[in-house]
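Okay, structure first, notes after.
Sequential numbering from 1 along the given sequence is applied to the chain's residues.
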Amino acid sequence: MVRRSRPTPESAPLDATERRQLDTIRRFGTVGSLLLLIGSLGAGAAPVFNPVFRLPVLGLFSRMTTVALAFAFTGVFMVVLAWLALGRLARPGRERAVSVPQMARTLAMWITPLVFTVPSFSRDVYSYLAQSEIVNLGLDPYTVGPAQALGLNDPLTLGVPTIWRETPSPYGPLFLTIGKVISWATGDHVVMGVAMHRLVALVGLAMVVWALPRLARRFGVSPVSALWLGAANPLVLFHLVVGVHNEALAIGLMLVGFELALRRTPRVDPDGPFPPWQRGELLAYAVGASVITLGAAVKIPAALALGFLGVMIARRMGGTWKHLFLAAGGLFVVFAVVLSACSFGSGLGYGWVATLNTASTVKSWMAPMTALGFGAGWLGVVLGLGNHVDAAIAVSRFVGSVIGPVIAAKLLLDSFRWKLRPLTGLGVALGAVLVFGATVQPWYLLWTAVPLAAAAGNTKFRAVATAVSAVLAVAVASTGTTFDGRVFVLPYAIMAAVVVTALALVVVRKRIPRGEWLPGRRVTATTA
């Protein structure tokens with residue numbers, strides 16, 4: 001299957017001073033999570049009928065947006081800084097480093113307050129509730145939107161952003177089936193519905209935490225470093241836990257499937273010898289591929305993992321084109337059977353295929369190809385060629401829809417030729433497909449960062465991923481909406497948050513780790 005990787009040298013346990021530093025980092029991050037919890041009461045993406053508004057004392061925050069937003073930004077800044085400081089104690093190649101149990105306990109401390117936050121950074125969870133209710137009523141969520149199916153005055157429709165009220169669901173049949181059960185149990189009770197969807201997201205995160213260290217060891221990467229970058233990442237905390245995005249379940253299933261598929265696979269060199277099939281090996285491939293397909297039945301990008309799993313199976317068989325086609329054929333059969341079972345077993349069929357591009361109705365500068373279209377269209381206006389912005393966006397998006405899959409195909413070929421790790425190829429390929437897509441959101445980075453955390457151990461990637469994650473984590477306000485008409489709120493809230501965070505840093509400055517937090521050498525084998 002894989003070339004033998006040089007195992008990452010085990011780091012010694014932290015000494016007494018470093019354990020005290022770890023305690024300080026934990027408390028700093030936990031305080032940040034608590035402040036984000038408090039700020040979400042008035043600056044979160046609350047439902048239209050906000051129950052917090054009527055609560056004594058706590059309801060004050062919903063009347064003081066600037067103060068609440070300052071609390072939220074302070075919490076965000078503190079969590080990000082705590083994560084960066086934790087990275088110093090978890091960096092690969094360090095003489096003494098945080099252990100996996102210590103990392104897990106730290107993650108639990110930071111997540112616990114966030115479980116009780118008002119949904120923030122996005123309002124997608126309200127779309128989940130409305131679309132799930134459509135399924136619960138026996139209607140087709142792939143042909144009607146919440147407004148048509150539930151009515152404009154329905155409590156669930158009112159929570160959906162206006163742009164999505166008329167659009168059908170872009171989510172897979174497994175996710176909507178889970179949502180149907182939630183809708184049956186909670187009805188139109190928004191708070192309980194959000195809590196149940198957050199529980200689903202936490203199950204997905206638990207899958208990520210289970211799979212990451214196992215995959216990291218398999219690919220010769222420090223498991224603690226993988227957990228730090230892939231599970232404790234602020235983007236995970238803010239957008240999967242607080243934002244309740246279904247990427248948590250999709251990515252979790254994808255990683256668990258990858259790990260299950262490889263559990264029975266022998267480690268071999270690229271040039272052989274290639275041992276006969278091991279007991280239970282074919283079954284492991286089938287089970288792993290089935291779990292990955294379940295992830296695709298939540299969000300379709302997870303299906304790309306099957307291609308890179310097929311490359312690993314083909315390399316284990318002998319690495320010829322014949323082996324690649326045999327592996328691809330077998331995985332396709334598993335994919336078709338499991339996906340058909342999800343689609344028809346849910347009663348929804350394959351209508352979801354026609355709605356995969358629903359998100360493209362949003363024209364955001366965050367998507368590079370859309371931004372390129374905006375720039376080209378506006379340049380035409382400046383040059384007096386007329387307003388062709390929409391046409392320019394359509395052309396640039398089409399180009400992106402070609403570039404992304406071409407890059408993914410090239411990475412598949414490079415993985416088959418053993419030029420890079422297949423799991424590394426998967427992370428980069430997912431990033432290429434999503435970045436060159438019509439719409440890009442901060443949490444989309446997780447499709448790339450989480451797989452790469454378990455496979456790419458070089459310091460250059462770690463530095464880039466750390467910087468991008470930190471920047472995107474603070475780039476989106478907790479409200480999940482724009483500030484049209486009240487932009488003045490932002491600078492006051494941010495300035496207050498910066499001052500409070502700076503004061504907090506002054507208090508703990510002597511009790512946090514200092515010095516280099518990125519090693520100056522590679523810490524893993526170049527191939528796996």
Residues two or more places apart in sequence or in another chain: which of them pass side chain to side chain contact (heavy atoms under 4.5 Å, CB included) with [X]?
X	result
Ala305	Met254, Phe258, Ile292, Leu426
Ala327	Ile313, Ala314
Ala147	Leu152, Arg165, Glu166
Leu107	Ile111, Val209, Ala231, Ala232, Leu237

Just to verify, which of [options] counts as forming a side-chain contact (heavy atoms from CB on, under 4.5 Å) with [X]?
X	options	answer
Ser40	Ser120, Pro119, Ser478	Ser120
Leu235	Val468, Leu445, Val450	Leu445
Cys342	Val337, Leu294, Leu348	Leu294
Tyr126	Val190, Leu156, Leu158	Val190

List the residues meeting salt bridge (Lys or Arg N to Asp or Glu O under 4.0 Å) with [X], not counting sequence neighbours, and say none if there are none.
X	result
Arg26	Asp23
Glu247	Lys299
Arg105	none

Got a list of side-chain donor-acceptor pairs under 3.5 Å for residues 170-185, not counting sequence neighbours?
from: Thr177; atom 1: OG1; to: Pro173; atom 2: O; distance (Å): 2.7
from: Ser183; atom 1: OG; to: Glu133; atom 2: OE1; distance (Å): 2.3

Does the [X] side chain pair with the main chain of [Y], one donor and one acceptor, at a distance under 3.5 Å?
X	Y	answer
Thr157	Asn153	no
Asn136	Ser132	no
Thr167	Trp164	yes
Thr448	Val428	no

**Message:** If the condition is ring pair (Phe, Tyr, Trp, His ring centres under 6.0 Å), which residues does Trp110 pass it with, not counting sequence neighbours?
**Reply:**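 None.
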**Request:** Would you please name every residue forming a ring pair (Phe, Tyr, Trp, His ring centres under 6.0 Å) with Phe344, sequence neighbours left out?
**Result:**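 Residues passing ring pair (Phe, Tyr, Trp, His ring centres under 6.0 Å) with Phe344: Tyr350.
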**Prompt:** So how far is it from Phe71 CZ to Leu37 CG, rounded to the nearest 0.5 Å?
**Reply:** 11.0 Å
**Request:** Working to the nearest 0.5 Å, report the span between CG of Leu69 and CE of Met64.
**Result:**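 Output value for this atom pair is 12.5 Å.
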**Message:** With side-chain hydrogen bond (donor to acceptor under 3.5 Å, both in side chains) as the rule and sequence neighbours excluded, what pairs involving residues 190-200 come up?
**Reply:**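 side-chain hydrogen bond (donor to acceptor under 3.5 Å, both in side chains) check on residues 190-200 returns Thr117-Arg198.
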Distance-only criterion, 3.5 Å: show the donor-acceptor pairs between side-chain atoms of residues 76-84 and protein atoms not counting sequence neighbours.
from: Trp83; atom 1: NE1; to: Trp228; atom 2: O; distance (Å): 2.9

**Prompt:** Is Met192 atom CE crowded by more than 12 heavy atoms from other residues, nucleotides or ligands, each under 6.0 Å away?
**Reply:** no
**Request:** Please determine which of Phe238, Trp443, Phe121, Tyr444 meets the ring-ring contact (aromatic ring centres under 6.0 Å, His included) test together with His245.
**Result:**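 The ring-ring contact (aromatic ring centres under 6.0 Å, His included) with His245 is passed solely by Trp443 among Phe238, Trp443, Phe121, Tyr444.
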